[in-house]
Amino acid sequence: MPVVAERGEGVWIYAADGERYLDLYGGHAVAGTGHCHPDVVRAIREQTDKLLFYSNLVYSETRARAAERLISVAPELLTKAFFCNSGTEANENAMRMARFTTGRENIITFSGGFHGRTADAISATFLGRYREIGKPNVPGHLKAEFGDIESVRALADDSVAAIMLEPIQSMAGVKTAEPSFYRALRQLCDGRGIVLIYDEVQTGVGRTGEWFFAGSAAGGGVVPDIVTLAKALGSGIPVGACLVNAKIASHVKENDLGTTFGGGMIAMAAVIATLEAIENDRMLENVRAVEMHLRERLREIEQVVNIHGRGFLLGLEFADAAKNVHGALLNQKIITGTSSDAKVLRLLPPLCLQKDHVDLFVDALRKVF
Ligand SMILES: Cc1ncc(COP(=O)(O)O)c(C=O)c1O
């Protein structure tokens, strides 16, 4: 986008030319707590005065607190955290842990799912050209159809270590499935000894109006064996995580997993402050209330033919190319996102977006049309 970002505050990005943009894209779903949340900035600053980094070979109170805090908001069965640096790394480690646990190699993922750009994760990504750019692909990746349990059953034999999915497929155009689909996946995994992995790199940390999609009513209350996180987890400081249940953790031996920077103190201070900011500012409640307002206001725009997704992970479907709407909104100083579905415009705003920001957006959309 032709924007030179210089400064951010809450839902606003200030560009080098003095213009102010309403950020409904959140820097790629990263700015969950908003840009430069003062408590997050303070926590990072305070940590930089104490210790920039030491690897996870030594104990750190900050790391322990980050893990404890994260686990305290996760579904009950997920009791251990492994910290890394990005979403793709979290997914690589999740698939590896599934292979340790089952002694099997194959991984089922879904058409339209995106899991990252390192070798194993890009090979698990059956979306657009990604597997093509990731060639040679890692073997043992099988493709099922999102929302179609029969397509999964047909593949789920005793060679399969894991089924991994974005529970809401963001890049594909914010595609959701029925709660019964997630429940059927859980049952299938339980019956055939397969590990269920939710890639919550986008849906996690409050984006859907709940801490995680895992365990939510929209997901049929299903809790997977592993949840992967990144993006909003550090409010902009790179950090990823795998949350795992006791069974998965019991199969991980010392030095099976590793990463130099994972669990570094600055990232951990950012994680603690991010989770506290979401809680203190009641952002989950805010997401749910403002989502309702947005859905209601969007009824006024007849060109929006459908609204996909939940909370602040929304896909607005138009009859024509969303790219044109994206460009026209940018001219009106509003940043949104496109998707691999040409008709779907994505909104991934900070969780502190307010109703008056929504009104600005809807007025701008009206002007666009
Ligand atoms: C659902 C999902 N998984 C994984 C990734 C990869 O994360 P990262 O870019 O931090 O490696 C992304 C990034 O967009 C994503 O949206």
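Fair warning: this is a prediction, and the values are worked out from it, not measured in the lab.
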Item checked: Check: S339 side chain, R346 main-chain N or O, donor-acceptor pair, under 3.5 Å -> no
Notebook entry, point to check: Between R366 and E300, is the closest basic N to carboxylate O distance under 4.0 Å?
Noted result: yes
Margin query: Strictly below 4.0 Å, N to O, side chains only: are K367 and D363 in salt-bridge contact?
Written below: no
Check: Charged N to carboxylate O under 4.0 angstrom, E61 versus R63?
Finding: no
Note to self: Determine whether a donor-acceptor pair (N or O, by modelled atom type, separation under 3.5 Å) exists between the side chain of H326 and the backbone of T336.
What the structure shows: yes
Notebook entry, point to check: So do L365 and L298 actually touch side chain to side chain, heavy atoms under 4.5 Å?
Noted result: yes
Note to self: Donor-acceptor check, side chain of E317 to backbone of V304, threshold 3.5 angstrom: yes or no?
What the structure shows: no
Check: So, does K175 use its side chain to make a donor-acceptor pair with the main chain of A172 at under 3.5 Å?
Finding: yes
Checklist line | same_hphob_cluster(V40, M268) at 4.5 Å side-chain heavy-atom cutoff | finding: no
Item checked: Check ion pair R69-E276 (N to O, under 4.0 angstrom) -> yes
Notebook entry, point to check: Can we say D359 and R297 salt-bridge, meaning some charged N sits less than 4.0 Å from an Asp/Glu carboxylate O?
Noted result: yes
Next item on the list: Please examine the side chains of F318 and V344, heavy atoms only from C-beta on, and report whether any two atoms are closer than 4.5 Å.
Entry: no
Next item on the list: Considering non-hydrogen atoms only, spot the tightest contact between V227 and L229 and give its length.
Entry: CG1-CD2, 3.8 Å
Next item on the list: Considering non-hydrogen atoms only, spot the tightest contact between K231 and V201 and give its length.
Entry: CB-O, 3.4 Å
Note to self: side-chain contact (heavy atoms from CB on, under 4.5 Å), that's the test. Do Q169 and V174 meet it? Break it down for me.
What the structure shows: CA-CA 5 Å; Q169 291 190 330; V174 195; over 6 Å; no
Check: Take atom CZ in R310; do more than 12 heavy atoms of anything else shown fall under 6.0 Å from it?
Finding: no
Checklist line | Path from F312 to M171 over hydrophobic side-chain contacts below 4.5 Å | finding: no
Checklist line | Minimum heavy-atom distance between F212 and G204, given as atom pair plus value | finding: CD2-CA, 4.0 Å
Enumerate donor-acceptor pairs with a distance under 3.5 Å from any side-chain N or O in residues 20-39 to protein atoms, sequence neighbours excluded.
from	atom 1	to	atom 2	distance (Å)
D23	OD1	Y25	N	2.9
D23	OD1	G26	N	2.9
D23	OD2	G26	N	3.3
D23	OD2	G27	N	3.4
D23	OD2	H35	NE2	2.7
T33	OG1	S235	OG	2.7
H37	ND1	D39	N	3.1
H37	NE2	D281	OD2	2.7
D39	OD1	R42	NH1	3.2
D39	OD1	R42	NH2	3.4

Checklist line | Closest contact, heavy atoms only, R117 versus T88 | finding: N-OG1, 3.2 Å
Next item on the list: Ignoring hydrogens and angles, tell me if any N or O in the side chain of T109 forms a donor-acceptor pair with the backbone of A124 under 3.5 Å.
Entry: yes
Note to self: If hydrophobic clusters are built by linking Ile, Leu, Val, Met, Phe, Trp and Tyr wherever their side-chain heavy atoms come under 4.5 Å apart, do V252 and L243 end up in the same one?
What the structure shows: no
Next item on the list: Examine distances only and state if a side-chain atom of N137 and a backbone atom of R131 form a donor-acceptor pair shorter than 3.5 Å.
Entry: yes
Next item on the list: Taking Y182 for its side chain and A218 for its backbone only, find out whether a donor-acceptor pair lies under 3.5 Å.
Entry: no
Notebook entry, point to check: Quick check: does any side chain N or O of T125 sit under 3.5 Å from a backbone N or O of H115, one acting as donor and the other as acceptor?
Noted result: yes
Note to self: Could you check whether R65 pairs with E68 (Lys NZ or Arg NE/NH1/NH2 to Asp/Glu carboxylate O, under 4.0 Å)?
What the structure shows: no
Next item on the list: Provide the closest heavy-atom pair for C242 versus N93 in the form atom of the first, atom of the second, distance.
Entry: SG-CB, 4.0 Å
Check: Just by modelled atom types, is the L351 backbone N or O under 3.5 Å from a matching donor or acceptor in the N286 side chain?
Finding: yes
Margin query: Whether E291 and R295 form a salt bridge (side-chain N of Lys/Arg under 4.0 Å from carboxylate O of Asp/Glu) is what I want to check.
Written below: yes
Next item on the list: Write down the atom of F126, the atom of F110, and the distance for their closest heavy-atom approach.
Entry: CB-O, 3.9 Å
Note to self: What I'd like to find out is whether the side chain of Y130 reaches to under 4.5 Å of the side chain of F114, using heavy atoms alone.
What the structure shows: yes
Checklist line | OG1 on T203 to OH on Y198, rounded to 0.5 Å | finding: 9.5 Å
Next item on the list: Could you tell me whether a side-chain N or O of E145 sits under 3.5 Å from a main-chain N or O of S111, the two making a donor and an acceptor?
Entry: no
